[in-house]
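Here the structure is a predicted model, which is why all the values come from computation and not from measurement. Residues take their numbers from the sequence shown, with the count starting at 1.
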Amino acid sequence: MLKYDMGIMKCPDGSSLIYEVDETASKIALRISQELKKDLIFRELDEKLPGGWSEFYFQILIKDKIYPYVRQAHVIRWYIRNGISIPKKEKTVMIPQYDILTVLKDHWDFKDVPIQPERGSLAGWCKMLRRKIKRYKDGFLRIWEAYRFSKAKEKTREDQARTACTIACHYVEGFDPYRRNDLNWYAGSGVGAKDVLIYFDCPDNITGSPIAKEIIDKLKNTGFRCVALKNNVVNNMRSTFCKVPVINADSYLKTGRVRNPVTDWLIEEGNDLIRSVEYWRSFYKEFGVKVNYVAEENPYVNIPQRIAFDVDGDNGGLLVGKQRSEVPFIYRYLNGYHPKHIYFTWNKRSVLNIKPKKNVGSTVVTGYPYGIPYMAEDDASILRSRGVKFIIALFDNIHGSDYVYSTDEMRKYYESFLSFMIEDETIGIIIKSKKPLVIQKLPEIHMLLEKAVSTGRCIRLDKEIGRLPFDASRNADLSVGVGISSPVVEAVIAGCRGVHYDITHYKKHVFYEWGYEKLVFDDISRLINAIKRFKKEPSSEPGLGDWSKHIEELDPFCDKKGGERMGGYMKTLLESFKSGKGRADAVDAADRTYSHKWGDYKIVKNEGCI
């Protein structure tokens with residue numbers, strides 16, 4: 001395998017190679033999925049799971065399967081384009097001959113990169129064997145779990161008792177109001193705690209340990225109901241909901257037909273999707289769930305969650321989600337990445353990232369979804385007390401050879417700003433890293449970072465995961481982030497100046513139109529020189545980090561009450577369901593109420609989607 005770094009390698013237009021890889025993999029996956037639709041088995045699956053979401057699910061599944069081989073082809077092409085010699089054995093992409101990969105050669109887009117079937121490969125055979133063993137193991141575990149729950153004396157405890165209409169809230173971000181949290185919509189919503197079921201299927205997102213009993217006790221004392229969907233994710237709480245409901249044999253796709261690798265794969269994956277849909281249907285039925293609020297964006301989970309509601313038509317419920325961050329690039333060539341019935345966004349511009357538009361029933365513009373809690377003292381005040389005159393809030397991102405941000409570029413980014421700070425005694429920096437591993441994987445900067453911290457003018461925020469960017473940008477003079485940086489956008493919404501250092505050179509992004517070398521830079525030296533000039537004389541760099549002309553396109557409210565508007569909308573949904581309305585009427589009522597209060601242009605509605 002040829003060495004590569006998706007962030008450093010560039011497309012002909014100068015942007016990171018990963019953009020080109022993603023686009024090609026998406027387009028090939030789309031063509032393969034179109035061929036799959038002609039298969040009788042796929043048609044049967046589509047009949048069992050109405051709404052067209054089986055197709056979207058398989059598009060994403062196919063893309064993930066073929067992605068490594070498409071990436072390899074683009075790397076080979078990059079070597080050729082840059083005149084770098086390639087060993088003979090590395091000039092061809094070898095494809096294993098099992099499941100959907102057997103048809104990749106029929107849809108290959110690379111005339112200059114040959115593709116050949118990999119025959120007799122021990123590695124390929126072992127991979128296929130491991131996959132088969134895993135399926136048999138998973139099947140056995142499903143049978144065992146169904147048996148275990150069938151023998152259980154108590155399937156549902158009193159605190160999990162079913163109510164007529166419930167809002168289910170998935171734990172993924174936590175509940176600390178000072179951080180990103182899953183209950184950001186609850187305060188001030190008017191929804192009763194007894195109408196909310198919080199479900200857990202993963203450990204603490206910061207520590208990785210089971211969720212503390214104290215957190216569960218606090219939630220229950222508030223009135224929320226809690227349920228663990230898996231063992232060992234919550235201390236002292238075993239799973240009390242069977243994750244393998246009994247499914248009628250007629251619900252499955254039948255084996256024993258004309259056999260080939262693609263058909264076998266389609267049946268296996270199709271039945272996995274059916275099982276997942278039936279799991280969520282039984283969950284909804286068990287707890288009377290009419291609204292399932294999920295913060296994460298994982299199509300492998302979210303699509304079955306949506307279909308589980310759609311199967312019951314207007315009697316079903318609604319999958320609801322929120323925009324978690326500024327989308328750095330428009331890369332959604334495939335459908336199905338946003339399978340929510342209701343999607344809360346920061347601004348109307350974010351609707352562009354939903355494809356096709358008919359996926360989402362109502363896109364509701366609520367503004368930034370988190371409030372900014374008051375703090376008596378902030379880190380900027382501490383730095384100013386030490387003589388600092390100009391403070392920069394610095395944000396990074398995940399990096400590596402498979403990411404859009406390269407490790408080498410991230411190293412240069414930190415080296416440039418830390419050296420800048422050390423040389424100028426009037427500058428201070430507050431670092432808010434995305435995760436601890438970002439800096440851990442930059443050993444070359446550790447000594448420089450220690451030196452910067454030792455000056456007393458550099459503060460590195462701890463417990464990074466889930467912290468709001470405003471923790472760093474509060475009272476700072478400028479925020480700087482890598483790429484098209486969501487933390488910078490969030491800092492700007494909260495009132496700070498901000499600039500993006502786009503190391504990916506994605507010049508298709510609208511921020512380049514709004515202010516190249518004012519709002520977004522693609523050269524670190526030119527960025528730092530501009531900051532130096534601005535620090536010395538602000539009038540010499542008019543418009544640097546100033547988003548006032550476009551602030552409504554980031555957040556039309558800028559009042560830090562997006563969570564409250566989300567909660568108000570969900571309360572109307574819940575009240576409509578309780579009054580006996582179907583989901584289409586419930587959405588209409590919520591849309592009308594929201595539009596009347598906040599304006600028609602704050603709702604983008606797709607008739608017939610729900």
Side-chain angles (χ1 to χ4, degrees), residues 33 36-37 41-61 165-170 197 199 243 245 247-248 250-253 269-294 296-322 334-344 354-364 569-570 573-574 576-577 580-591 604-610:
S33 72
L36 270 187
K37 287 176 63 177
I41 293 174
F42 191 89
R43 293 179 191 174
E44 181 183 336
L45 177 64
D46 223 22
E47 291 175 1
K48 293 179 182 293
L49 305 176
W53 282 91
S54 301
E55 177 187 351
F56 301 156
Y57 182 88
F58 273 90
Q59 286 175 8
I60 296 168
L61 188 62
C165 293
T166 294
I167 295 177
C169 179
H170 182 214
L197 173 75
Y199 63 97
K243 79 177 207 176
I247 302 174
N248 190 309
D250 292 336
S251 298
Y252 287 117
L253 301 171
E269 297 294 345
N271 283 335
D272 279 351
L273 177 57
I274 289 170
R275 275 188 287 269
S276 185
V277 169
E278 289 302 319
Y279 163 62
W280 288 107
R281 280 191 80 194
S282 64
F283 173 73
Y284 297 156
K285 182 179 179 180
E286 181 79 13
F287 298 103
V289 175
K290 282 296 188 178
V291 175
N292 185 10
Y293 173 70
V294 293
E296 77 279 12
E297 295 178 352
N298 179 354
Y300 290 121
V301 176
N302 297 156
I303 290 178
Q305 288 173 327
R306 173 173 177 142
I307 297 174
F309 278 136
D310 289 347
V311 168
D312 293 322
D314 200 44
N315 292 321
L318 299 163
L319 186 66
V320 177
K322 68 180 176 185
L334 296 183
N335 303 325
Y337 277 104
H338 292 284
K340 314 297 194 310
H341 294 100
I342 308 296
Y343 190 57
F344 297 117
I354 301 172
K355 181 182 179 182
K357 303 299 182 289
K358 66 180 182 181
N359 279 4
V360 177
S362 288
T363 304
V364 185
Y569 187 97
M570 290 208 284
L573 287 178
L574 188 64
S576 295
F577 280 125
K581 287 185 172 70
R583 65 176 186 172
D585 287 341
V587 172
D588 285 343
D591 285 349
V604 180
K605 189 173 182 64
N606 295 303
E607 298 292 343
C609 180
I610 297 176

* To do: Only counting residues at least two apart or in another chain, list the ones meeting ring pair (Phe, Tyr, Trp, His ring centres under 6.0 Å) with Phe577.
  =>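 With sequence neighbours excluded, Phe577 shows a ring pair (Phe, Tyr, Trp, His ring centres under 6.0 Å) to no residue whatsoever.
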* Pairing residues for Tyr199 by the ring pair (Phe, Tyr, Trp, His ring centres under 6.0 Å) criterion, not counting sequence neighbours ->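 Tyr199 satisfies ring pair (Phe, Tyr, Trp, His ring centres under 6.0 Å) with His170, Trp280, Phe283 once adjacent residues are dropped.
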* Of Arg583, Arg281, Lys48, which is the lone residue that meets salt bridge (charged side-chain N to carboxylate O under 4.0 Å, His left out) with Asp310? ->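 Only match with Asp310 under salt bridge (charged side-chain N to carboxylate O under 4.0 Å, His left out): Arg583.
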Contacts of [X] that satisfy salt bridge (charged side-chain N to carboxylate O under 4.0 Å, His left out) - sequence neighbours left out:
X: Asp591; answer: Lys605
X: Asp585; answer: none
X: Lys290; answer: none

* Using the test side-chain hydrogen bond (donor to acceptor under 3.5 Å, both in side chains), find all partners of Asn298 that sit at least two apart in sequence or belong to another chain. =>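 So Asn298 forms no side-chain hydrogen bond (donor to acceptor under 3.5 Å, both in side chains) with any residue.
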Would you say [X] and [Y] make side-chain contact, with heavy atoms under 4.5 Å?
X: Val294; Y: Val320; result: no
X: Leu253; Y: Ile274; result: yes
X: Asn271; Y: Leu45; result: no
X: Cys165; Y: Leu574; result: yes
X: Val364; Y: Tyr343; result: no
X: Tyr57; Y: Pro339; result: no
X: Phe344; Y: Met570; result: yes

Value rounded to 0.5 Å, distance of [atom1] in [X] from [atom2] in [Y]:
X: Trp53; Y: Glu55; atom1: CH2; atom2: CD; value: 10.5 Å
X: Asp312; Y: Ile307; atom1: CG; atom2: CD1; value: 12.5 Å
X: Ile303; Y: Gln59; atom1: CD1; atom2: CD; value: 9.0 Å
X: Glu47; Y: Phe42; atom1: CD; atom2: CZ; value: 11.5 Å
X: Asn292; Y: Ile342; atom1: CG; atom2: CD1; value: 13.0 Å
X: Leu573; Y: Tyr293; atom1: CG; atom2: OH; value: 13.0 Å

* Taking the inter-plane angle between the rings of Tyr284 and Phe309 on a 0 to 90° scale, is it parallel (under 30°), tilted (30 to 60°) or perpendicular (over 60°)? ->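 It falls in the parallel class, under 30°.
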Judged by atom type as modelled, is there a donor-acceptor pair below 3.5 Å linking the side chain of [X] to the main-chain atoms of [Y]?
X: Ser282; Y: Glu278; value: yes
X: Ser276; Y: Pro304; value: no
X: His341; Y: Leu319; value: yes

Specify the closest pair of heavy atoms between [X] and [Y], including all atoms of both residues, with the distance to one decimal.
X: Val311; Y: Pro50; value: CG2-CD, 4.3 Å
X: Leu36; Y: Phe58; value: CD1-CD2, 4.3 Å
X: Glu297; Y: Asn302; value: CA-OD1, 3.6 Å

* Under 4.0 Å between a Lys/Arg side-chain N and an Asp/Glu carboxylate O for Asp46 and Arg43? ->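 No salt bridge links Asp46 with Arg43.
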* **Test side chain to side chain contact (heavy atoms under 4.5 Å, CB included) applied to Leu197 and Cys169, step by step** => CA-CA 6 Å; Leu197 173 75; Cys169 179; over 6 Å; no
